[in-house]
Structures are given as C-alpha cells and as structure tokens.
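So the structure is just underneath, and the comments pick up after that.
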Amino acid sequence: MDIASYINRTVATTVGAEPVSEMAIRRYVEAHELNCPVFSDVEAGRAAGHGGIIAPWSMLLTMAMPAYWKPGDPPLKPGFIPPFVWDCVPLPGSEMVTYSVEVEYFVPLRVDDVVHSEYRVKSITPKRTRVGVGHFIEFQINFTDQNGRLIAKETTNIFRYTPDDETSGGGQ
Amino acid sequence: MSAPGISPAAPPDAFVGASLGTDVLHLSLQRLVMVAGANRDFAPAHSDSEAARQGGAPAAFADVIFVFALFERLLMQWSGPRGRITRMGPLKIKDFLICGQDVSSTGTIESVRSVPGPDGVPWGEVMAKITLSQPDGREPVSGSATILVPRARGADT
C-alpha cells in the first residue's frame, strides 16, 4: 500500500441524506435547547440579517451525513456507526477516535440547502500512543451547497489504531 | 442553568479576558437519546452505556456534533441573535463527556478585532477559548471559537 498516494487528493465525496428543512431544524433546536430565535422565527432571522430562519451552525455535520440506509441497500448490521467516510484510506487498525476537529463557516445553512462533502487527505503520520499503534490521518472536508457554493471547511484528525488493550478508549 | 433568554438588547462587552458566562446542561441518558434522534449520530456508544463500556468509556457519552452544539449554546447565549459563528475549533477531545452528570461550558475572550461586517459596517471578531467540564473535575473538551458580533464596546485591542 502506498500511503503517500492518498495525500492531497480527493478520497471520497458524499451528499447529505436530505435537504435542510424547518422540521429538522426544529428537532435539532429542541433536543439541544438552542434558545435563539434566528433558528425558528422568520422575522428574527430577517432582523439578524439572514433573510429568514437559518440552521444552527453546529447542525452542518448532521446535514452533511449521508443516509444510513436506502431502499435496495443490505440490512444494517448491529452496532452500525454514522456513514462518514473516515475509513476511506485503507490503513490497518480496528479502532478510530477523533483527536481534534475544526470547522470554519462561511455562510449559514438555510432551508432547502443540500450539503455536499469532498474529503481530502492532508497528512498521514504513524504514531504509537497510550492506546495503541496506528496512524493520525488529517482530513480536510469542503462542504458545498447544491449550487456549488462553499459553505464551510472542516479539518479533522483521526487516529486509526490497533489497541494494545481491547478496553482502551479515549475519544468521542 | 443557562440564562432564560439569549437576546441581549445591546451587543455584549467584548474585551480580552472577559467571560462568555456559563452554560450548564444536564447530560442524562434521555438527553443523549433525544440528541441522537436530532443530530443523527446513532453510534451505540452515544445512547447505550453498555456499548460505551465495551469501548472503554465509563458510560454513554456525547458525540462530536453535540460538543459543537454545546459550544454554540454558549456562544449564542453570549452574543445574542445577531452573532455569527465563523469558526469552532480546533477543539481537543481529551476525555468522554459522560451521561449522568451536568456539563458546564465556560469561555474567555482571547482576542478582539474590528472587521468589515455583513452589513458593511465594522463588527467585532471575537475569538474565545471554551472549556467543557463535568462535576467530577474533568475537563474533557477544550478549544477555541470565533464569532462576529455587531460592533462591540471596546472592540479594538
């Protein structure tokens, strides 16, 4: 396997499972008790200069997530995890943890936006840590809307590893 | 608990060293289930404590999207509805934000500068360090965030 061949190239693209909707925003606001009117009140959104309601900034990753299952797909296996594509680089290791993450926002998400994600690998670094031996993989993800407009950029460092001890953990 | 409203009548004071206040939310297992339904992170460790223990955590714990939402609660509580978050992170996840405890979000302003705002007049670009802590003394998450607010008093440093 030539790890270097993955650096600085697009390794995956995905599309959010559904467009941003008032229903999805309402449920997200409710679950997190986000007490800010721009997420629910059109007039408040206009008064804040957004032209209407916007989605919470933190909701980007939810709206970027592809579907877990679609008609025609095989059944989900027990213990399924979110369909982000952190495993698109074939490195050894049975475990993955998020070490650090950063998102830069350029425009807010609005109703009917569809989030497209483009994953690029910026670096791969072998490392032994307290939980095991593996690789740090730095991804940059560009998020665009249905019109190709750049919404946000994410930089995430994933540690993919083989645990020294099966009970080791340490991430979210 | 968090302030009842997050719509201050005027832009907040923004100067280096100022506090963003405190936001507290109880992380019950029920809350984690509610959040998973809304943010679509259905990884078992975020709503099933036994699954979390199998991965080395002491109990079900908050996912990354929830962590971002906790940052957002604090930032928008401080800024009011005109605040515009431009960056969250880099944030370091050092430990698990586990259920069965409160999580307290606090922040301190580290820099303020004047930048062109979305309405064509100068706004304050405020960068703060945010920490999420739990009553057992751990600080599982820390990181920075940047938010634009209408021209804040004392904005330039």
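All of these numbers come straight from a predicted model, not from anything done at the bench. When reading the values below, keep in mind they use all heavy atoms of this one structure, side chains included, and skip hydrogens, waters and symmetry mates. Each chain gets a letter, A, B and so on, in the order the sequences are listed, and its residues count up from 1.
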**Request:** Identify which part of Asp119(B) has an atom lying under 4.5 Å from any heavy atom of chain A, answering side chain, backbone, both or neither.
**Result:** neither

**Request:** Look at the side chain of Glu102(A) and the backbone N and O of Met88(B), then say whether any donor-acceptor pair between them is shorter than 3.5 Å.
**Result:** no

**Prompt:** chain A: which of Ser144(B), Pro118(B), Pro44(B), Ala45(B) shares the most heavy-atom pairs with it under 4.5 Å?
**Reply:** Pro44(B)

**Asked** Going through the checks in order, is the side chain to side chain contact (heavy atoms under 4.5 Å, CB included) test met by Glu104(A) and Thr86(B)?
**Response** CA-CA 6 Å; Glu104(A) 185 178 10; Thr86(B) 57; 5.9 Å; no

**By ring pair (Phe, Tyr, Trp, His ring centres under 6.0 Å) - contacts of Tyr28(A) (at least two apart)** = His32(A)

**Asked** Salt bridge or not for Glu18(A) and Arg40(B), using N-O below 4.0 Å?
**Response** no

**Message:** For Phe42(B), give me all partners under ring pair (Phe, Tyr, Trp, His ring centres under 6.0 Å), at least two apart in sequence or on another chain.
**Reply:** Tyr68(A)

**Request:** Applying side chain to side chain contact (heavy atoms under 4.5 Å, CB included) between Phe68(B) and each of Val101(A), Thr62(A), Leu60(A), report the one that passes.
**Result:** Val101(A)

**Asked** Should Arg27(A) and Met34(B) count as side-chain neighbours, where that means a heavy-atom distance under 4.5 Å?
**Response** no

**Item:** Greatest number of heavy atom pairs closer than 4.5 Å to chain B - which of Val103(A), Ile81(A), Val29(A), Thr155(A)
**Value:** Val103(A)

**Request:** Would you mind checking which part of Glu154(A) comes under 4.5 Å of any heavy atom in chain B, side chain (CB onward), backbone (N, CA, C, O), both or neither?
**Result:** neither

**Message:** Only pairs of heavy atoms separated by less than 4.5 Å count here; which of Met63(A), Glu30(A), Met59(A), His50(A) has the most with chain B?
**Reply:** His50(A)

**Request:** Report the option among Ala152(A), Ser100(A), Pro83(A) that has the most heavy-atom pairs separated by less than 4.5 Å from atoms of chain B.
**Result:** Ser100(A)

